[in-house]
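Quick notes on the structure that follows.
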Amino acid sequence: MIKIIFINTLRRVRFAPSPTGPLHIGGLRTALFNYLFAKKTGGSFILRIEDTDRKREVAGAEKYIVDALNWCGIFPDESPGTEGAFGPYRQSERNHIYSKEIRRLVESGHAYYAFDSEEELASCRKECEKRGETFIYNYESRLALKNSLSMSKGEVAGLLKKSKGHVIRFLVPKNKNIKTVDVIRGESNINSSLLDDKVLMKADGTPTYHFANVVDDHLMKITHVIRGEEWLPSLALHFLLYDAFGWKRPSFAHLPLILNPNGKGKLSKRSGEKGGFPVFPIGWEGETKLTGFKEYGILPAGLVNYLATIGWSPKESSEALSLAELVEMFQLKSVVSAGANFDLEKLKWYNHKHIQEASNEFLVDKIQALDISAQKTERKQLAEATGMVKERANTVSELWGLMEYLFLDPKGYDEKSLKKIKKDGLDKICSEIISLCENTNDPGGFIDSLKIWGEKNGFGAGQIMMTARTILVGGLKGIDLQKIISFVGLEVVSKRAVTFSEMNI
Ligand code: GLU
């Protein structure tokens, strides 16, 4: 059978972070939506590192981005480590491309050289401020400034030869209506006179975000630009850049923001600190160490499932959905434009669901990665115990605490629980537990035998159960008592009861 692939109809999307620090979950959600959208039709998800601003670059950030995506099960089809046909995928390695493309814009009259120094521009700003105006480098001011539009060809050639720091600016047309289209937000109109002549090439010969971004999206054959709402104000400029080059524009979709839980502003590290939750997917080992959702005990599947519901809802499903299921259901058209508050409880709810679906063996790896005491525990037993307690856990980090007593003797006894069991006959119940351990070889019938003894000796089932539980667990908590006894075995039950009786409570 001959398989025909229509390359042109395949979706190509990109996630284009700047490596300026650890990836925030807002960025991760953008990556996720790009991924879901591409994979639904078998398209390509590209990771492009936008590292043109070397001053803001942070060591380890690129690796963090890749690790965080991979932790979530998102593997780019093309990236700095997985070169495809459109590389390099790091903007710092593409300068030869930008130099060539900017020349085309200058030659076609859409961009021009500007020689104004920082000091000169600062004084223009000051002058305008004095008059209560804002300085804009645009159609009104450009001819009074130092650039290749206002100066003679000879002067310009002279200055260029000296190659003293000059920038290249975009010549924004005057009074042109720019009709922008966004898949989520629809059409809007903006007058070009409101825009400034943005710098496209900086004095050090490297491109600015706007220029490199548009050039790369075109050359990498990106069909859909899906990015955060914060880039919406740049859309008109990007439309003009595409027009200036005479290039076909990709479709654009600007995703709604993830807001702080209290509704005010973009979800920030500070509001996470206040609410006691991280805003990063995995831990960051930079100068300041940051905890991620991974260390907080959230499974990648739980985080991915929750993030997918921010701004989009996978129909009326209340089920835990895997990445593959989300891919199946995703609809860019049904993403909403309104921002959504981060909701820790909802995240935990999804995580709880994914914990139930995960195999015990898988969870053991996660538990042992988080808890030193759990690392000393035998895997098979740990897996069995995990199966017994996981329905009570919202995070993986809670799991060890929920089952610790199945492996370790109580370190102490909860005061409130002790108060409840301190009644006449406490020592008798305790002795009976010890002697029953010696006289029975049926751990599975332990509680029943204890209750029968209680009936004969005037102790209610409640009192007996509470006493045994406190002895075994250290307090009135934990799973079914008989299950605990069967799991730990009679030797441990006896040992804990002896320790308890020696405390003379
Ligand atoms: N480098 C930009 C960022 O850090 C990319 C924006 C875009 O996707 O166009 O978010």
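Ligands are counted one by one from 1 in listed order, and the atoms in each one are counted from 1 as well.
Applying the 4.0 Å criterion to heavy atoms of N213 picks out, from ligand 1, the atoms 7 (C), 9 (O). Residue Y209 has at least one heavy-atom neighbour below 4.0 Å for each of these atoms of ligand 1: 2 (C), 5 (C), 6 (C), 7 (C), 9 (O). Listed by number with element, the atoms of ligand 1 under 4.0 angstrom from any heavy atom of E50 are 1 (N), 2 (C), 5 (C).
Classification of R14 and D216 as a salt-bridged pair fails, no side-chain N sitting under 4.0 Å from a carboxylate O.
The protein heavy atom nearest to atom 4 (O) of ligand 1 is S18 OG, 3.3 Å. For atom 8 (O) of ligand 1, the nearest non-hydrogen atom of the protein is R14 NH1, 2.7 Å. In terms of protein heavy-atom proximity, atom 2 (C) of ligand 1 is nearest to A16 O, 3.3 Å.
Heavy-atom distances between E230 and ligand 1 stay at or above 4.0 Å for every pair.
Both tests do not hold together for R227 against F252: distance to the six-membered ring centre under 6.0 Å, angle to the ring axis within 45°. Relative to the six-membered ring of Y139, R142 misses at least one condition, a distance below 6.0 Å or an angle of at most 45° to the axis.
For a threshold of 3.5 Å applied to N or O pairs, the pair formed by P17 and ligand 1 contains no separation below that value.
Checking S373 against D371 by side-chain atom types alone, no donor-acceptor pair falls below 3.5 Å.
Taking only non-hydrogen atoms, the option from F15, F252, W231 nearest to atom 10 (O) of ligand 1 is W231.
In this structure, K348 contributes its side chain and H352 its backbone to no donor-acceptor pair below 3.5 Å.
Note on ring orientation: taking the six-membered ring where Trp is involved, the planes of Y350 and Y306 are tilted (angle from 30° to 60°).
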Intermediate values then yes/no, ring pair (Phe, Tyr, Trp, His ring centres under 6.0 Å), H110 and F170: CA-CA 6 Å; H110 288 99; F170 187 41; 7.1 Å; no
